[in-house]
J.: 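Could you have a look at this structure, given as structure tokens, before my questions?
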There are 2 protein chains.
Amino acid sequence: MSLTLLPVEGIPEVRPGDDLVEHITAHAELVDGDVVVVTQKIVSKAEGRLVPVDPDDRAARAAIVGGESARILRRRGDLIMTETHHGFVCANAGVDLSNVEAGWAALLPVDPDRSARRIRDGLRARAGVRVGVIVSDTFGRAWRRGVTDVAIGVAGVAGVVDLRGTADALGRELAVTEVCVADEIAGAAELVMGKAGAVPVAVVRGVDPAWLRDGSVAEEIVRPYREDLFR
Amino acid sequence: MSLTLLPVEGIPEVRPGDDLVEHITAHAELVDGDVVVVTQKIVSKAEGRLVPVDPDDRAARAAIVGGESARILRRRGDLIMTETHHGFVCANAGVDLSNVEAGWAALLPVDPDRSARRIRDGLRARAGVRVGVIVSDTFGRAWRRGVTDVAIGVAGVAGVVDLRGTADALGRELAVTEVCVADEIAGAAELVMGKAGAVPVAVVRGVDPAWLRDGSVAEEIVRPYREDLFR
């Protein structure tokens, strides 16, 4: 079973109130079983999650980050590592000035699983396709350098696939193998998007049909504060 | 530019001293520019990184983990979060009993970048192809549930691609976008391997040719202890 990653090219600059389902269907030929990965930036823009900010006003930027944060975890220089109200651990509560018009900052969607469901439902209703949808964002990690794209919202596709108890190739029982396929798919999609290339959507074709079930980042992937050994 | 992920099927159970280059070329048609992702397990087996262990002897298992660790970071129940001598942060120093014959444990390769270089060089010499090679392993993360596959060694492909200073789609300068493409490729490959399916190699076809340069996990991805805010 091979898997194909297709960038969706030609989507114009997204503005508040835009219909992402229309943008996607205008530029992609989807088929049942595809997983559509949509970057957070255009979801936030379409949902109007933009706030004005003077990019040179550090106090104003910090206030926006504070408003989006449930906890401030670490600070070093300009870097503020936060836990958002969703439970995501990321720099600056996901507030982003890149790929946004000057003078504005994009905030994360209020409920990215819901954002994913709306797109999934819209694609079903208007293009007649049953697909999974992942809303992705670019986060840093502990312990390892470099950022990767991860899932912040999913619909119609699993967050974590539980392989516990499945026999391995030698017939022994696997101890713990809960694979976060949603993050792996989001990262894979990033490989055909590029950071500066303005390709905000990619299609992942050929994923295991068993993964195309109801999923949730909030319920499956976000590790609660009390359960985390590194926060 | 699309990207294709191809599982390499039919590789037999790998034993100490096996020639991985031969296994790979016997079962995959490679072309220049491919990235070949090889799971740590078969690299460790081929390199003879196996030690005998009684799976019911917890003290013996802990001693092996201790020997592979530079630091013990956290403990909870049977879980020991360690920093390995390579600087990887992972459970049980990467010592693994799954997909290994009963009575044996597989240790991580001593120098996974070197392991990747050997495979890359062998494929060049004997199959005449210029490819990148990633040795992958399955690690947990802070903050997020579920494991993902990441790169522990690379050759002929970048660890981190530095997009700092590249203009974004609106012409603004990107602040920090060092993308860990090696981890994203490793995770993508996992999507066609499965955990229990005995597919220890995958080919990623179509990656940006600019990424096919000399790379190193040790130098590019491993975050030094002193630089890390979460250890």
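It should be emphasised that the depicted structure is a prediction, and the values quoted were computed from it without experimental measurement. Numbered from 1 within each chain, the chains take letters A, B, ... in sequence-line order.
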J.: Among A:Leu6, A:Leu73, A:Val150, who wins on heavy-atom pairs under 4.5 Å with chain B?
T.: A:Val150

J.: Say you draw a straight line from CD of B:Glu68 to CD1 of B:Ile80; how long is it, rounded to the nearest 0.5 Å?
T.: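 That separation rounds to 12.5 Å.
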
J.: Does the side chain of B:Leu20 reach to within under 4.5 Å of the side chain of B:Val14, using non-hydrogen atoms?
T.: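 Yes, their side chains come closer than 4.5 Å.
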
J.: Say you draw a straight line from CG of B:Leu108 to NZ of B:Lys41; how long is it, rounded to the nearest 0.5 Å?
T.: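 Answer for the CG-NZ pair, B:Leu108 versus B:Lys41, is 10.0 Å.
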
J.: Treating A:Asp113 as the side-chain partner and A:Gly153 as the backbone partner, does any N or O pair qualify as donor plus acceptor under 3.5 Å?
T.: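 No: the side chain of A:Asp113 does not pair with the backbone of A:Gly153.
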
J.: Chain A heavy atoms under 4.5 Å from B:Leu79: which part of the residue, side chain, backbone, both or neither?
T.: side chain

J.: Tell me, out of B:Gly87, B:Ala91, B:Ala151, who's got the most heavy-atom pairs with chain A below 4.5 Å.
T.: B:Ala151

J.: Using a cut-off of under 4.5 Å for heavy-atom pairs, which of B:Thr148, B:Leu191, B:Asp183, B:Val160 has the most such pairs with chain A?
T.: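 Top count of heavy-atom pairs under 4.5 Å with chain A: B:Leu191.
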
J.: Atom CG of B:Leu50 and atom CD of B:Glu101: how far apart are they, to the nearest 0.5 Å?
T.: 9.0 Å

J.: Is any residue of residues 221-231 of chain A within less than 4.5 Å of chain B by heavy atoms, and which ones?
T.: A:Ile221, A:Val222, A:Arg223, A:Pro224, A:Arg226, A:Glu227, A:Asp228, A:Leu229, A:Phe230, A:Arg231

J.: Please list, in residue-number order, every residue in residues 205-215 of chain B that has a heavy atom less than 4.5 Å from any heavy atom of chain A; write 'none' if there are none.
T.: B:Trp211

J.: How long is the straight-line distance from CD of A:Glu13 back to CD1 of A:Ile11, given to the nearest 0.5 Å?
T.: 11.5 Å

J.: Under the side-chain contact (heavy atoms from CB on, under 4.5 Å) rule, what do A:Met193 and A:Val37 come out as? Steps first, then yes or no, please.
T.: CA-CA 10 Å; A:Met193 289 176 171; A:Val37 181; 4.1 Å; yes

J.: Has the side chain of A:Thr82 got a donor or acceptor atom that lies under 3.5 Å from a matching backbone atom of A:Cys90?
T.: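 Checking the backbone N and O of A:Cys90 against the side chain of A:Thr82, a donor-acceptor pair under 3.5 Å is found.
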
J.: Distance from A:Arg71 atom CZ to A:His85 atom NE2, nearest 0.5 Å?
T.: 11.5 Å

J.: Among A:Leu5, A:Thr4, A:Val217, who wins on heavy-atom pairs under 4.5 Å with chain B?
T.: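 Looking at each of A:Leu5, A:Thr4, A:Val217 in turn, A:Leu5 comes out on top.
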
